[in-house]
Amino acid sequence: MAESTGHIVILPSPGISHLIPFAELAKRLVLHHNFNVTFLILTTNGDLSGATKALLESLPAAVDSIFLPPVNFDDLPKYTKPSLKLSLSVTRSLPSLRHVLNSLLATNSNRLVAFLADAFGFEALEVAKGLNIPPYLFFPSNATSLSLFFHLPKLDETVSVRFMRDLPDPVKLPGCVPLHGKDLFDPIQDRKSEAYESFLNLSKRVALADGIIVNSFLELEPEALKALQEDGGADGTRRPLIYPVGPIVQTRSSSSNDGSECLSWLDIQPRGSVLYVSFGSGGTLSSDQLTELAFGLEMSGQKFLWVVKRPSNESANAAYLSEGQSQFEPSDFLPNGFLERTRDRGLVVTYWAPQTQILSHGSTGGFISHCGWSSTLESVVNGVPLIAWPLFAEQKLNAVLLEEGLKVALRPKAEENGVVRREEIAKVVKVLMDKGSEEGKKVRDRMEELKQAAAKAIDRDGSSIKALSDLAFTLKNKAAN
């Protein structure tokens with residue numbers, strides 16, 4: 001192997017959904033640009049999940065992993081928001097992070113040319129900057145979300161309502177689809193909350209980064225990316241360089257469970273006939289909503305593959321950073337007789353399924369998704385149209401982008417209490433999956449166009465390949481100087 005062109009340290013937030021895009025980015029930096037990479041792994045208990053272990057073991061030899069001491073959250077209230085836990089996992093790891101970085105600086109022959117963290121790791125970026133390691137923000141979401149991040153301080157100065165959902169007019173970000181207040185990030189909904197203050201402070205410090213790597217691509221969000229790249233300094237602040245390098249998606253399953261049951265079942269289904277239903281690694285439904293979804297799928301008459309999680313009436317992201325989700329039987333929570341009545345056209349699995357293989361399978365024709373950005377990009381890469389069902393975090397914003405901006409998703413209407421009823425679910429599923437539906441055809445055709453655009457972006461002379469090469473060139477110059 002040729003001599004390394006520099007050493008990059010990466011700090012992902014805890015959780016497999018955060019680790020995956022970092023890992024895929026690391027592969028590109030190692031395999032295509034010959035960097036060495038060290039992952040610093042934060043843990044919230046002593047044990048790593050099987051999926052995390054498998055993913056780390058699958059990385060190239062030029063990628064090392066260092067495990068920081070586990071963070072303890074026993075002092076926090078039971079229902080502390082996961083976003084606060086993520087931030088605290090970084091804050092409480094800063095002393096060990098500083099120790100590890102100093103050790104790498106003292107012992108590594110390859111110069112540390114960059115330190116990468118996501119938005120939850122701004123304090124870690126400050127530590128790296130203090131040690132003269134160039135800090136870079138990896139933003140594993142879209143340019144629309146990043147634009148909101150940049151413009152939050154200005155928005156804060158101009159609004160008078162306490163709750164963002166009460167904004168009288170849509171928020172119009174440069175180059176982005178208009179956003180109603182209720183569709184902005186969950187943590188910034190209450191302007192008097194601790195989460196809001198944390199996000200506002202982060203947005204004011206975003207210029208700390210030397211550059212921002214975005215998991216989007218020029219053909220997906222041309223106007224939003226153009227505005228981000230050209231609008232630097234318009235508000236009087238320095239704007240870091242923007243590198244749109246997406247779609248960065250998982251290329252293989254990260255679990256020791258190969259999901260053979262799911263794939264064998266898909267193998268015997270007609271092409272494009274199966275609706276995949278999953279709400280991500282953290283998403284959970286209430287008991288009532290789980291029941292309505294079950295009846296809706298049954299009423300639709302369509303084939304489905306459903307990843308069921310234990311319901312929660314307290315939180316839509318109760319499965320995030322939690323244990324024990326897989327220890328239950330679906331029949332414990334699904335309507336009586338549902339599994340028997342749908343046995344011939346549906347498959348229900350608990351907690352986990354090999355999503356990358358499912359979405360790339362020829363039998364999969366649609367996806368009910370929570371609109372997490374990694375899942376969204378996996379859908380785009382495989383040309384699978386969506387039913388948008390956002391639950392938390394930035395997912396409502398993503399749903400608006402998918403439905404109104406990109407027009408690759410349908411969205412069921414919820415009642416005032418937030419529950420989507422079975423009749424509405426059945427109707428939307430039929431529209432998406434019925435080959436005779438004109439509305440469904442438009443969504444399917446548009447997603448196929450995005451699939452082709454995504455492939456072009458990461459082809460040899462594609463826009464994302466060029467952006468990553470520009471970043472690599474900048475980092476190699478740092479190593480040489």
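We count residues from 1, following the sequence as given. These figures come from a predicted structure and were not determined experimentally.
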(message) Just by distance, no angles: are the side chains of E219 and S463 close enough, under 3.5 Å, to form a donor-acceptor pair?
(response) yes
(request) Evaluate side-chain contact (heavy atoms from CB on, under 4.5 Å) for V113 paired with F35, printing each intermediate quantity in order. (result) CA-CA 9 Å; V113 296; F35 289 102; 4.1 Å; yes
(message) Working note: E221 + T144, criterion side-chain hydrogen bond (donor to acceptor under 3.5 Å, both in side chains); need CA distance, chi angles, decisive distance, verdict.
(response) CA-CA 8 Å; E221 299 181 277; T144 303; 2.7 Å; yes
(message) Between L173 and F150, is there a side-chain heavy-atom distance shorter than 4.5 Å?
(response) no
(request) Kindly give the heavy-atom pair with the smallest separation between D210 and P134, and that separation in Å. (result) OD2-CB, 3.6 Å
(request) Name all residues meeting the side-chain hydrogen bond (donor to acceptor under 3.5 Å, both in side chains) criterion together with S360; count only those two or more places apart in sequence or in a different chain, and write none if there are none. (result) none
(request) For residues I458 and F217, determine if any side-chain heavy atom of one lies less than 4.5 Å from a side-chain heavy atom of the other. (result) no
(request) Could you tell me which non-hydrogen atom of Y243 sits nearest to which non-hydrogen atom of G211, and how far apart they are? (result) CE1-CA, 4.3 Å
(request) Return yes if some donor-acceptor pair links the side-chain N/O of R92 with the main-chain N/O of N72 below 3.5 Å, else return no. (result) yes
(message) Using a strict threshold of under 4.0 Å (side-chain N to carboxylate O), is an ion pair present between R191 and D166?
(response) no
(message) Could you check whether any side-chain N or O of N313 sits under 3.5 Å from a backbone N or O of S286, counting only pairs where one atom can act as donor and the other as acceptor?
(response) no
(request) Carefully, step by step, assess L148 and S145 under the rule side-chain contact (heavy atoms from CB on, under 4.5 Å). (result) CA-CA 5 Å; L148 177 58; S145 293; 5.7 Å; no
(request) Flag the pair Q289 / W389 as yes when at least one side-chain heavy-atom distance between them is below 4.5 Å, and no otherwise. (result) yes
(message) Salt bridge or not between K466 and D470? Use side-chain N to carboxylate O under 4.0 Å.
(response) yes
(request) With the side chain counted from C-beta on, respond yes when I66 and I41 share a heavy-atom pair under 4.5 Å apart, and no when they do not. (result) no
(request) Have a look at D118 and tell me which of S13, P21, S141 forms a side chain to side chain contact (heavy atoms under 4.5 Å, CB included) with it. (result) S13
(message) For a 4.5 angstrom cut-off between non-hydrogen side-chain atoms, does F22 reach V37?
(response) no
(message) Nearest 0.5 Å, please: how far is CG in L450 from CG in N382?
(response) 13.0 Å
(message) Looking at every heavy atom in both L225 and A143, which two are closest together, and how far apart are they?
(response) CD2-CB, 3.6 Å
(message) If you compare all heavy atoms of G246 against all heavy atoms of N215, which two are closest, and at what distance to 0.1 Å?
(response) CA-OD1, 3.4 Å
(request) Report the relative orientation of the aromatic rings in F199 and F120; use parallel for angles under 30°, tilted for 30 to 60°, perpendicular for over 60°. (result) perpendicular
(message) Between N102 (side chain only) and R98 (backbone N and O only), is there a donor and an acceptor less than 3.5 Å apart?
(response) yes
(request) Find the distance between OG1 (T38) and CD1 (I8) and round it off to the nearest 0.5 Å. (result) 10.0 Å
(message) Could you check whether any side-chain heavy atom of L200 comes within less than 4.5 Å of a side-chain heavy atom of K204, counting everything from C-beta outward?
(response) yes
(request) Tell me, with the steps shown, if Q189 and Y196 meet side-chain hydrogen bond (donor to acceptor under 3.5 Å, both in side chains). (result) CA-CA 7 Å; Q189 282 296 324; Y196 181 86; over 6 Å; no
(message) Checking side chain to side chain contact (heavy atoms under 4.5 Å, CB included) between S93 and each of V71, L40, L11, which is the one that passes?
(response) V71
(request) Working to the nearest 0.5 Å, report the span between CZ of F279 and OG of S375. (result) 11.0 Å
(message) Closer than 4.0 angstrom, basic N to acidic O: yes or no for E449 and R446?
(response) yes
(request) Verify whether one side chain among T91 and E123 offers a donor that lies under 3.5 Å from an acceptor in the other. (result) yes
(message) Under the criterion side-chain hydrogen bond (donor to acceptor under 3.5 Å, both in side chains), I'd like the reasoning laid out for S374 against Q250: C-alpha separation, chi angles, the key distance, then a yes or no.
(response) CA-CA 8 Å; S374 290; Q250 189 174 13; over 6 Å; no
(request) May I ask you to test the I212-F138 pair for a side-chain heavy-atom distance under 4.5 Å? (result) no
(request) Run the numbers on N142 and V214 for side-chain contact (heavy atoms from CB on, under 4.5 Å), then give the verdict. (result) CA-CA 7 Å; N142 49 64; V214 187; 5.9 Å; no
(message) Would you compute the distance between atom CD of E24 and atom CG of L377 and round it to the nearest 0.5 angstrom?
(response) 12.0 Å
(message) If you compare all heavy atoms of L97 against all heavy atoms of A124, which two are closest, and at what distance to 0.1 Å?
(response) CD2-CB, 3.5 Å
(request) Answer yes or no: is there an ion pair linking E126 with R205, defined by an N-O contact shorter than 4.0 Å? (result) yes
(request) Output the distance between atom CG (D183) and atom CD (Q395), rounded to the nearest 0.5 Å. (result) 12.5 Å
(message) I'd like to check L55 versus F39 (side-chain heavy atoms, cut-off strictly below 4.5 Å). Are they in contact?
(response) no
(request) Evaluate side-chain contact (heavy atoms from CB on, under 4.5 Å) for L406 paired with V177, printing each intermediate quantity in order. (result) CA-CA 9 Å; L406 298 173; V177 61; over 6 Å; no
(message) Return the CD to CG distance between E223 and L228, rounded to the nearest 0.5 Å.
(response) 11.5 Å
(request) Using modelled atom types only, decide if a donor and an acceptor are shared between the side chain of T284 and the backbone of P311 within a distance under 3.5 Å. (result) no
(request) Answer yes or no: is there a donor N or O on one side and an acceptor on the other, between the side chain of H18 and the main chain of P14, under 3.5 Å? (result) yes
(message) Could you report the tightest heavy-atom contact between L31 and P60, atom names first, then the distance?
(response) CD2-CG, 4.2 Å
